[in-house]
Amino acid sequence: MSAENAIGVFDSGLGGLSAVREFLRVLPHEKIIYFGDTGRVPYGTRSCDTIKKYAVQDTNFLLRHNVKMIVAACGTVSSVAGDLLRDSLKVPYTGVVNPTAFTAARVTRNGRVGVIGTSATVSSHSYRLRLNKLNPQIRVFEEACPLFVPLVENGFIDRCDVIAMATVARYLWPLKDEGIDTLILGCTHFPLLKEVISDYMGPGVRLIDSGLETAVYAAKVLGEQKLLSTRDEQPDPAFYISDTPDSFSSVAKLFLGRNMEHAVTQIDIEAY
Ligand code: DGL
């Protein structure tokens, strides 16, 4: 395995781009190959068996590109299929749950931590189990926020967007009520709603973004395994999706701040 091979990152759709943005910043010499399963998003409302099947197909696709590491930039896949991928892959793997829970356990002051994610993520209690393994004293309050995903996929993320504001308030009031001081954005779609969420929760609540924590963790793993690239400049990332590129290109441009049209390829993920 060469250190110059790419890092493979995948998500059910656009949300993982929030992680890609952090990977490009934290690992400025790495080539990133991203797969967004835009044809089958959302994953978070599907059964565990279906999520596992999709996760295996997504990683099979990335492995065809000889990636040196696989990153599930998806809270749902990390929660439901994380063990399966970790045990079966021959390259280093990370999801978003462990690095994010680790940071939340470290920064909470009052020991009251909120977790928001998709229905599948919250039903798995993956973040709660991990947090309580790190510190059994932490009180964890979980809330599934399934409507956040279509809001993000459709670009309804502005802090003044009334639909985004109302949806955030509708889901988050119980967590606000519990007096949490730390909120895990347990789905990679959610950092794109960070401003709306932060406006609602107020300055006393620290938001933990899974993309950044995961990028920092991936850098550590690659460093330990002597797999960090030594090239001078960052190659352009490559993007693959399973639906037509139209809306992906325009929304992705918002998140990555660059024109993506030329860099996106549609693939048939069912073939993997
Ligand atoms: N971005 C995915 C996650 O982190 C989920 C969205 C979905 O497919 O439901 O959970």
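Remember, it's a predicted structure, so these values are computed and weren't measured experimentally. Atoms within each ligand, like the ligands themselves, are counted from 1 in listed order.
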- Query: Side chains of D58 and I269: closer than 4.5 Å at any heavy-atom pair?
  - Reply: yes
Say whether G117 and ligand 1 are in contact under the criterion: heavy-atom distance to a ligand atom below 4.0 Å.
no
Ligand 1 to G75, heavy atom cutoff 4.0 Å, flagged ligand atoms 3 (C), 4 (O), 10 (O)
Counting from 1 in the order shown, the ligand 1 atoms closer than 4.0 Å to a non-hydrogen atom of G44 are 7 (C), 8 (O), 9 (O)
The atoms of ligand 1 lying under 4.0 Å from a heavy atom of T76, numbered in the order shown, are 3 (C), 4 (O), 5 (C), 10 (O)
Nearest heavy-atom approach of Y127 to G75 is OH-CA, 4.3 Å
Checking F61, Y240, F10 against F35 for ring-ring contact (aromatic ring centres under 6.0 Å, His included), the one that qualifies is F61
Near T118 (heavy-atom distance under 4.0 Å), the atoms of ligand 1 are 5 (C), 6 (C), 9 (O), 10 (O)
Charged N-O contact under 4.0 Å between K194 and D209
yes
Does the N or O separation between T45 and ligand 1 drop below 3.5 Å for any pair?
no
Short version for V149: what comes under 4.0 Å of ligand 1, heavy atoms counted, is side chain
Aromatic Y54 / basic R40 pairing, under 6.0 angstrom, 45° off normal:
yes
Under 4.0 Å from one or more heavy atoms of D11, ligand 1 contributes atoms 1 (N), 2 (C)
message: Test side-chain hydrogen bond (donor to acceptor under 3.5 Å, both in side chains) on T103 and E213; report intermediate values, then the result.
response: CA-CA 7 Å; T103 303; E213 305 310 329; 2.8 Å; yes
In this structure, atom 1 (N) of ligand 1 is nearest to the protein heavy atom H189 ND1, 2.6 Å
Atom 5 (C) of ligand 1: of C187, G13, G186, G16, the nearest heavy atom sits on C187
In ligand 1, the atoms that come under 4.0 Å of a heavy atom of Y43 are 7 (C), 8 (O), 9 (O)
- Inspect the contact between E143 and K176 and indicate whether a charged nitrogen and a carboxylate oxygen are less than 4.0 angstrom apart. no
Quick note on ligand 1: atoms under 4.0 Å from a heavy atom of C74 include exactly 2 (C), 3 (C), 4 (O), 10 (O)
- Task: Using a strict 4.0 Å threshold on nitrogen-to-oxygen distance, state whether R159 and D199 make a salt bridge.
- Result: yes
